[in-house]
Amino acid sequence: MLNQDIVREATRLTRAGQLVEATALLQRMLRGGSAPKPEHRKAVQVRLRGLDPLTIDATADVVEEREAPQISPARSAQGRRRSLPLDGMGDFSGLGLRSPITRAPLSPSDIVPDGTRFIAGTFSNAAGSRTYKLFIPSRCRGQRLPLIVMLHGCTQSPDDFAAGTRMNFLAEEQNCFVVYPEQPSGANHSKCWNWFRTGDQRRGGGEPSMIAGITRQIMRDHAIDPKRVYVAGLSAGGAAAAIMGSTYSDLYAAVGIHSGLACGAASDLPSAFVAMRQGGGSKAIADGKTAVPTIVFHGDRDTTVHPKNGDQIIEQSAGATRPTTKVLRGRVPHGHAYTRTVLIDGAGRAISEHWNIDGAGHAWSGGSPAGSYTDPQGPDATREMLRFFLEHSLGW
């Protein structure tokens with residue numbers, strides 16, 4: 001049973017701008033403790049003073065990590081395994097805030113295939129301005145092509161996310177455009193999409209309006225098939241992708257969510273902590289509007305975003321339908337086993353897929369160690385997401 005007094009006090013501290021103190025209270029609650037007595041609260045504040053405000057993303061489990069290669073003919077392929085803070089974030093278990101790991105510049109060959117373009121752009125509206133990077137495939141000849149919108153995790157950049165997921169390489173194979181909106185540190189200290197704020201969960205305002213605006217700007221400036229536009233993301237970006245699917249179901253034909261949360265899982269900092277540790281509330285399921293086909297990847301050892309959140313995303317995406325279920329199991333050679341659950345509607349169409357990855361933590365499954373926060377031993381989330389996307393179109 002949650003301690004409602006702690007939640008109310010954490011909410012008060014959050015509204016007062018005391019995010020670190022609110023975090024300490026929530027951690028105590030989630031460990032089964034009680035609120036500190038009033039006479040101890042000042043001591044807590046003194047001890048925590050000077051720490052940066054905690055952002056909404058925490059620690060990754062052990063993932064594959066290596067220094068990104070310099071632009072040089074001689075490059076080392078040796079990797080190293082270590083326990084890293086997710087997207088450079090602090091550890092919720094002890095408020096041990098740490099700085100992002102310094103990485104060498106990426107090589108262009110890690111980001112895009114030869115003969116393709118990766119160009120920068122900017123979009124502005126009443127809610128603000130965001131830059132983005134756009135991948136243009138080499139076989140673009142004026143025919144209308146699919147577009148994938150990729151939302152990075154905290155502290156990541158478009159280049160880093162592209163290198164880690166290798167989405168540009170798969171998009172070149174399938175002849176697709178890919179756009180990577182970038183969240184600046186001015187909007188969130190660690191460049192997290194603000195998925196937990198109610199103002200950024202609504203159509204026509206906040207961050208959703210800018211992501212949709214970038215999508216439409218690409219559709220206007222390039223030959224994009226309006227029935228084959230998709231959105232995907234990791235962690236905070238995955239939660240933002242869930243919001244885009246829920247609020248712009250007329251724009252996106254399918255959604256891909258890796259280690260994320262359902263739309264409406266949280267409405268402020270306290271509820272975000274609870275959702276990440278225990279799963280979102282009933283609102284995350286009840287508020288789903290038009291059901292959008294959704295593919296979810298989640299590691300069953302994710303200690304940053306509880307795997308229950310993946311179940312809630314699938315339940316939300318199903319809407320009012322009564323699908324049948326097909327379960328398939330497999331294993332990556334020398335890697336993780338997984339369970340793939342497919343929900344099928346009355347017409348025999350797959351409306352969602354849930355990939356539960358055995359032993360995987362909070363990192364992009366099957367990704368490249370050239371980018372940050374990937375797990376190369378998992379099934380290829382990028383390939384499977386793109387396959388799922390291209391099986392769906394608006395009005396299918």
Side-chain angles (χ1 to χ4, degrees), residues 59-64 86 153 164-167 170 230 232-235 237-239 241-242 245 254-263 265 275-280 284-285 288 291-319 321-346 348-368 373-392:
T59 56
D61 301 298
V62 177
V63 295
E64 196 74 21
L86 167 71
T165 63
R166 291 185 66 81
M167 181 60 84
L170 273 294
Y230 314 97
L234 168 66
S235 192
V255 180
I257 302 167
H258 202 310
S259 309
L261 302 95
C263 179
M276 290 171 67
R277 287 304 192 196
Q278 302 179 0
I285 299 170
V292 176
T294 303
I295 182 169
V296 169
F297 280 78
H298 217 117
D300 71 354
R301 292 189 186 177
D302 189 337
T303 58
T304 298
V305 176
H306 195 286
K308 182 179 177 182
N309 287 286
D311 299 327
Q312 292 178 330
I313 293 167
I314 293 298
E315 190 169 348
Q316 185 180 83
S317 70
T321 62
R322 292 179 176 239
T324 58
T325 302
K326 180 179 180 181
V327 179
L328 305 98
R329 293 182 173 85
R331 178 182 290 275
V332 175
H334 310 293
H336 295 300
Y338 58 86
T339 300
R340 175 188 172 201
T341 303
V342 183
L343 300 188
I344 302 168
D345 68 7
R349 302 173 299 189
I351 58 175
S352 70
E353 290 189 19
H354 186 186
W355 291 67
N356 186 58
I357 309 163
D358 296 351
H362 197 75
W364 189 274
S365 179
S368 166
Y373 317 111
T374 63
D375 183 353
Q377 295 183 325
D380 191 340
T382 303
R383 186 173 294 278
E384 296 298 340
M385 279 190 185
L386 190 51
R387 183 264 311 159
F388 181 85
F389 289 164
L390 297 180
E391 291 173 355
H392 296 85

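Index from 1, following the sequence.
Listed here is the closest heavy atom pair of Ala241 and Gly256: CB-O, 4.0 Å. The two residues Trp364 and Gly233 make their nearest non-hydrogen contact at CZ3-O, 4.2 Å. Scanning both residues, Pro379 and Phe297, for their nearest heavy atoms gives CG-CE2, 4.4 Å. When all heavy atoms of Val292 and Gly245 are compared, the pair lying nearest together is CG2-O, 3.3 Å. The two residues Ser235 and His362 have their closest heavy-atom pair at OG-NE2, 2.8 Å. When all heavy atoms are compared, the tightest approach of Met385 to Ile295 is CG-CG2, 3.9 Å.
Here Arg331 pairs with nothing under the side-chain hydrogen bond (donor to acceptor under 3.5 Å, both in side chains) rule; sequence neighbours left out. For Thr294, the side chain to side chain contact (heavy atoms under 4.5 Å, CB included) partners two or more places apart in sequence, or in a different chain, are Val255, Ile257, Val296, Ile313, Ser317. Asp300 pairs by the side-chain hydrogen bond (donor to acceptor under 3.5 Å, both in side chains) definition with nothing, not counting sequence neighbours. Legend: residues meeting side chain to side chain contact (heavy atoms under 4.5 Å, CB included) with Asp380, ordered by chain and number and at least two apart, are Thr382, Arg383. With sequence neighbours excluded, no residue forms a side-chain hydrogen bond (donor to acceptor under 3.5 Å, both in side chains) with Arg166. Legend: residues meeting ring pair (Phe, Tyr, Trp, His ring centres under 6.0 Å) with Tyr230, ordered by chain and number and at least two apart, are Phe389. Remark: His306 pairs with Lys308, Asn309 by the side chain to side chain contact (heavy atoms under 4.5 Å, CB included) rule, at least two apart or across chains. Looking at residues two or more places apart in sequence or on another chain, you find a ring pair (Phe, Tyr, Trp, His ring centres under 6.0 Å) between His392 and Phe388, Trp396. Every residue meeting the side chain to side chain contact (heavy atoms under 4.5 Å, CB included) condition with Pro307, not counting sequence neighbours, appears here in chain and number order: His298.
The list of salt bridge (charged side-chain N to carboxylate O under 4.0 Å, His left out) pairs with a residue in residues 359-368, not counting sequence neighbours, is empty. Listed by first then second residue, pairs satisfying salt bridge (charged side-chain N to carboxylate O under 4.0 Å, His left out) with a partner in residues 348-360 read Arg340-Glu353, Asp345-Arg349, Glu353-Arg387, not counting sequence neighbours.
Between Ser259 and Leu234, the closest side-chain pair of non-hydrogen atoms falls below 4.5 Å. Put simply, the side chain of His354 reaches to within 4.5 Å of the side chain of Asp311, judged on heavy atoms. In this structure, Leu328 and Val342 have side chains that are in contact, with non-hydrogen atoms separated by less than 4.5 Å.
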Would Leu261 and Val305 count as a side-chain contact (heavy atoms from CB on, under 4.5 Å) if you check the C-alpha gap in whole Å, the side-chain angles of each, and the deciding distance to 0.1 Å?
-> CA-CA 8 Å; Leu261 302 95; Val305 176; 3.9 Å; yes
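Between the OG1 atom in Thr325 and the CD1 atom in Ile344 there is a gap of 8.0 Å [rounded to 0.5 Å]. One finds the OG1 atom of Thr303 at 9.5 Å from the CE atom of Met276 (value rounded to the nearest 0.5 Å). To the nearest 0.5 Å, atoms CG (Asn356) and CZ (Arg329) are separated by 10.0 Å.
In the model, His258 has no side-chain atom that pairs as donor or acceptor with a side-chain atom of Ser365 under 3.5 Å.
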